[in-house]
Amino acid sequence: MPLNDHITTFGQEMLSRYGERIHKLSIHAGFTCPNRDGSKGVGGCTFCNNSSFSPNARSHAPISDQIASGRSVLAKRTGAKKFIAYFQAYTNTYDNPEHLRQLYDEALAIPDVIGLSIGTRPDCVPDPVLEILAQYRERGFEVWLELGLQSSHDQTLERVNRGHTFAEYCQAVARVHRYQLQLCTHLIVGLPGEGVEENITSLERVLEQGVEGLKLHPLHVVKGTQLANSWRQEEYQPWSLKGYISTVADMVERTPPEVIYHRLTGTASNDILLAPQWCQWKWRVLNGIEQELKQRGSIQGIKT
Ligand code: SF4
């Protein structure tokens with residue numbers, strides 16, 4: 001049984017909505033982040049090195065060039081002909097609304113770009129930006145807002161220097177849904193001080209607030225981060241592949257089937273990844289999750 005038979009995946013959901021494969025194309029639009037430029041904090045989250053985002057998101061070329069190069073790679077690899085412009089690097093709502101509109105318009109003007117996915121923080125989604133995104137939705141574009149929450153535990157959020165609380169996330173979610181936007185929340189599995197129970201609690205709290213999509217990610221230790229220093233000093237112990245797979249399976253079982261998994265793991269490039277080494281093997285992780293669910297005779301939502 002393929003992964004899609006156990007889990008509601010983004011790829012499968014887009015295929016059934018549009019009748020063909022739809023892929024996200026990562027874009028670096030030159031933003032910064034309030035947790036780096038001093039308005040919320042400096043230094044950013046303890047695990048963040050933005051080079052760990054998709055390779056295509058590293059260059060800050062014009063948006064049309066980034067989409068052109070990304071689409072030719074994806075078209076060759078997957079046969080995809082239609083795309084969602086994924087504003088991924090840093091905080092993609094952190095600018096004045098009119099400039100944001102220009103950038104989003106630029107992406108949507110490209111033929112075969114059918115929508116937007118906007119990555120941002122819970123404390124950075126003012127109403128005028130949500131209004132712009134709602135207008136795209138009303139025009140028939142596929143629009144997602146991706147909120148990095150990572151954990152629902154304030155103690156952890158403080159420990160990793162996120163610069164926002166779970167209460168701020170809840171307030172943001174209420175406003176995002178007022179604008180009828182689809183929300184995809186990001187959670188990290190393996191944050192310092194957290195175990196299986198904390199991850200499941202975070203999932204349950206996120207589901208309670210209402211969410212249309214989820215992204216799960218193992219915590220990567222990458223070069224140039226505070227987390228890398230903690231790892232070198234053996235203050236942080238990365239999770240095993242087995243522990244990650246089992247926890248993700250536990251979370252999937254507790255997720256209602258209508259919630260779409262945009263991602264179940266994440267990779268970092270070899271030149272910056274320090275640990276755990278297994279997270280560079282995306283397919284090994286995904287196959288492991290599939291096998292785990294198969295062995296359990298389980299599917300998404302079985303424990304809801
Ligand atoms: S992870 Fe996101 S919020 Fe944290 S510092 Fe990096 S860009 Fe900013």
Side-chain angles (χ1 to χ4, degrees), residues 24 26-60 66 86-95 100 103 116-126 129 144-173 176 183-194 199 202 206 213-231 236 238 262-263 265-269 272-275 279:
K24 288 186 190 174
S26 294
I27 290 170
H28 184 338
F31 295 107
T32 177
C33 163
N35 201 21
R36 287 182 166 272
D37 72 0
S39 74
K40 261 294 166 97
V42 284
C45 305
T46 59
F47 51 79
C48 175
N49 171 342
N50 260 246
S51 304
S52 63
F53 290 151
S54 144
N56 189 49
R58 280 193 229 167
S59 63
H60 176 204
Q66 291 183 50
Y86 177 24
F87 286 73
Q88 181 182 23
Y90 294 96
T91 303
N92 295 277
T93 53
Y94 191 42
D95 206 335
L100 292 172
L103 294 171
L116 294 174
S117 208
I118 307 294
T120 187
R121 292 166 49 91
D123 56 356
C124 218
V125 283
V129 176
W144 285 87
L145 191 78
E146 300 203 18
L147 281 187
L149 170 63
Q150 321 310 359
S151 170
S152 71
H153 303 276
D154 284 342
Q155 206 182 353
T156 307
L157 294 174
E158 202 176 324
R159 187 167 176 174
V160 300
N161 197 35
R162 282 290 298 172
H164 66 75
T165 59
F166 182 61
E168 284 174 283
Y169 169 80
C170 297
Q171 287 153 15
V173 171
V176 168
L183 172 66
C184 173
T185 296
H186 297 199
L187 292 172
I188 293 181
V189 173
L191 286 166
E194 294 203 348
N199 284 289
S202 286
V206 164
L214 288 168
K215 262 189 188 176
L216 303 182
H217 204 300
L219 184 61
H220 297 154
V221 183
V222 292
K223 290 178 186 169
T225 62
Q226 286 181 54
L227 182 67
N229 296 335
S230 305
W231 171 74
Y236 173 71
H262 290 228
R263 188 186 281 175
T265 188
T267 51
S269 66
I272 58 163
L273 178 67
L274 295 171
C279 60

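One-based numbering, in listed order, for ligands and for the atoms of each. We count residues from 1, following the sequence as given.
- Each of the following atoms of ligand 1 lies closer than 4.0 Å to a heavy atom of Cys45: 1 (S), 3 (S), 4 (Fe), 5 (S).
- The distance from atom CG of Leu227 to atom CG of Asn229, rounded to the nearest 0.5 Å, is 9.0 Å.
- Between His186 and Glu146, the side chains place a donor N or O and an acceptor N or O closer than 3.5 Å (distance only, hydrogens not considered).
- Close contacts between ligand 1 and Arg162 involve ligand atoms 1 (S), 3 (S), 4 (Fe) [criterion: under 4.0 Å to a heavy atom].
- Among the atoms of Cys33, an N, O or S atom is found under 2.8 Å from atom 8 (Fe) of ligand 1.
- Rounded to the nearest 0.5 Å, atoms CG (Leu187) and NZ (Lys215) are 12.0 Å apart.
- Near Gly44, with a cut-off below 4.0 Å to any heavy atom, the atoms of ligand 1 are 5 (S).
- Remark: ligand 1 atoms within the under-4.0 Å shell around heavy atoms of Arg121 are 3 (S).
- Going from atom CZ of Phe87 over to atom OG1 of Thr120 covers 12.5 Å, rounded to the nearest 0.5 Å.
- A distance of 10.0 Å separates OH in Tyr169 from OG in Ser202, rounded to the nearest 0.5 Å.
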